[in-house]
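The structure under discussion appears below in the form of structure tokens.
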Amino acid sequence: GQFAVTGGAARSDGSGAVPRGEARLWRVAPDDPLLGKPLSPVMEHPQPVGCLAVSPSGQTILTGGREGHARLWSMASFQLLATLPGYGPF
């Protein structure tokens, strides 16, 4: 499928910065009836998220935060599978 990624350290309601990072996948396929809607819940880090990658199998997501940790997420459930310290900052 087609999706876009957002990340950063701003509140989703626009009310200012927060001291943690967030990443989220969004639906962007033109023929998707849910175009523009979130595909995932927020995937959180203690600091801003600097990168995100989807595995070739499409089963996992890896995010990297400025705190130096990589986090592995399930694409099916968006549950955190593992935190891998010492790989950044990203």
inquiry  = Run the side chain to side chain contact (heavy atoms under 4.5 Å, CB included) test on Val49 and Met43 for me, step by step, so that the C-alpha distance in whole Å, both residues' side-chain angles and the decisive distance to 0.1 Å come before the verdict.
reply    = CA-CA 9 Å; Val49 173; Met43 295 172 279; over 6 Å; no
remark   = Sorted by chain and number, sequence neighbours left out, side-chain contact (heavy atoms from CB on, under 4.5 Å) with Pro38 holds for Arg24, Trp26
remark   = Hits for side-chain hydrogen bond (donor to acceptor under 3.5 Å, both in side chains) against Ser74, two or more places apart or cross-chain, chain-then-number order -> Ser77
query = Which atoms form the tightest heavy-atom contact between Trp73 and Thr63, and what is the distance?
reply = NE1-OG1, 2.9 Å
query = About how many Å separate CG of Leu25 and CE of Met75, when rounded to the nearest 0.5 Å?
reply = 5.5 Å
query = Is there a chain of hydrophobic side chains (I, L, V, M, F, W, Y, each step under 4.5 Å between heavy atoms) that links Leu35 to Leu39?
reply = no
note = Residue pairs passing the side chain to side chain donor-acceptor pair (under 3.5 Å) test with at least one member in residues 50-59, sequence neighbours excluded, are Ser55-Ser57, Ser55-Thr60
Identify every side-chain donor-acceptor pair in residues 65-72 under 3.5 Å, counting partners at least two apart or on other chains, and give the distances.
residue: Glu67; atom: OE2; partner: His45; partner atom: ND1; Å: 2.6
residue: Arg71; atom: NH1; partner: Glu44; partner atom: O; Å: 2.7

